[in-house]
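All remarks here apply to the structure that follows.
Numbering of ligands and ligand atoms starts at 1, following listing order.
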Amino acid sequence: MINKNYSKLEKNYLFTEVARRCDEFVAANPGKRVIKLGVGDVTRPLAPVTADAIIRAMEELKHAETFRGYGPEVGYAFSREAVARYYATRGITVDADEVTVGDGIGEDIANIVDLFDIHETKMLVQNPVYPLYKATSIISGFEIEYLKCSKENNFTPTPPENTENSNKGVVVFLCSPNNPTGAAFTRDQLQKWVEFANRTNAIILYDNAYERYITDNRCPHSIYEIEGARSCAIEFNSLSKTAGFTCVRMGYNVIPKELERDGIQLLTIWKQRQTTKYNGAPYMTQRGLEIALSEEGLRESDKNIEYYRRNVKLITDILDSKGIYYTGGVNSPYIWFECPNGMKSWEFFDYLLNKFNVVGTPGVGFGTEGEGYFRLTSFGSYEDTAEAAERLKKL
Ligand code: PLP
């Protein structure tokens, strides 16, 4: 018998439908240049020092004296120590032993739900949401409760007063700065979540993939800046948007030793899981991570983040001048705005495509509460983004 939960997943309709409408438009309007600011993938190249570290590591494997076989499932000591050193630069103490390195956090976030009992746990998921959290919860068969995000709470929800079915333990997915809304929690807001979790024995799964885009110093760069977080939170961080690793693949997570439930350390069972079901991330990409998180690596890849920030500003300046409500942009490569004149997300998509030949992502594709909103990304080239901004002036 197969796992029927797969049939409960929403069809992967969003980006295929975006592509279909876009292709149809291009076929019908061959002379028009369509600018795509929809997909959340980076375009700037790897920092040369990081790329060179990966090439050097590959070179080592060509020679018997430096060849390596399987590495540790949870990551080599050198890469885990690089992560711990990175936290130290933020004034946060993390033991390298608490770090697990893997091929990007998409799979870590998908797999972490293995640690929880499906009958006695309920997942709290933001709406709108990065689709993975919902999908992995559905596939495993967890009950899901949604956290409404809207203009009223500026897309930064507060903890629930009491959750339905409160006999179940709660695991909450928080993403800050958020994809798709770009909204980021301040320290005060996150403190409330940490207090909620410690009070109710809930666990926070904190997706920190866009941490390096933060410019507002009221927003924490890690949940471990918040007092009490070590006893309730697991943090995930990725090099995808920080260092352009979307195709290289590399991410890490931290599970503090203090994080225990039913007398069991979550770190222990996560390591058990990884050593059983996973054979470790590639040596080369871990050498890449080591350099990407060094002072020099970060200095170089931050130039790309600056590049994307310049793009963000081109778009937010237009929204500001038109008085359109938006979140994101300040701490994020994403700009999430209210469709003008009460338009629905797909209606606005068609309007933008037909009138301005610009493609973005309809907010409703990320959840019902995204209806009436739209997401643009700053990952395009400067020239394309400037051209799109010019066109949007006539919005
Ligand atoms: N989490 C968020 C919020 C993301 O936006 C992404 C990628 O877009 C991921 C996780 C996946 O990251 P990775 O490339 O490390 O698997």
Numbering the atoms of ligand 1 from 1, which are under 4.0 Å from a heavy atom of [X]?
| X | answer |
| --- | --- |
| Y210 | 3 (C), 4 (C), 5 (O), 8 (O) |
| C175 | 3 (C) |
| I105 | 10 (C), 12 (O), 13 (P), 15 (O), 16 (O) |
| G104 | 15 (O), 16 (O) |

Starting from [atom], find the nearest protein heavy-atom neighbour and note its residue, name and distance.
| atom | result |
| --- | --- |
| atom 8 (O) of ligand 1 | K241 NZ, 2.7 Å |
| atom 9 (C) of ligand 1 | Y130 OH, 3.2 Å |
| atom 14 (O) of ligand 1 | S240 OG, 2.6 Å |
| atom 1 (N) of ligand 1 | D207 OD2, 2.5 Å |

Inset, instruction - Could you tell me whether R249 approaches ligand 1 through its side chain, its backbone, both or neither, with non-hydrogen atoms closer than 4.0 Å? - result: side chain

Inset, instruction - Would you kindly specify which portion of F245 sits under 4.0 Å from ligand 1, judged on non-hydrogen atoms: side chain, backbone, both or neither? - result: neither

Legend entry - Any N or O of G40 closer than 3.5 Å to N or O of ligand 1: no

Legend entry - Under 3.5 Å: N/O of N179 near N/O of ligand 1: yes

Determine whether the side chains of [X] and [Y] contain a donor N or O and an acceptor N or O closer than 3.5 Å.
| X | Y | value |
| --- | --- | --- |
| Y86 | N237 | no |
| E98 | Y87 | no |
| D108 | Y252 | no |

Inset, instruction - Apply side chain to side chain contact (heavy atoms under 4.5 Å, CB included) to the pair R391 and I35, showing each step before the final yes or no. - result: CA-CA 10 Å; R391 296 181 192 176; I35 299 177; 3.8 Å; yes

Legend entry - Within the 6.0 Å centroid threshold, strictly below: Y130 and F366: no

Inset, instruction - Determine the sole option in F374, F356, Y373 for which the ring pair (Phe, Tyr, Trp, His ring centres under 6.0 Å) test with F348 is passed. - result: F374

Legend entry - Residues which pass side chain to side chain donor-acceptor pair (under 3.5 Å) with Y213, listed by chain and number, not counting sequence neighbours: none

Legend entry - Qualifying residue for side-chain contact (heavy atoms from CB on, under 4.5 Å) with L352, from V359, N357, L395: L395

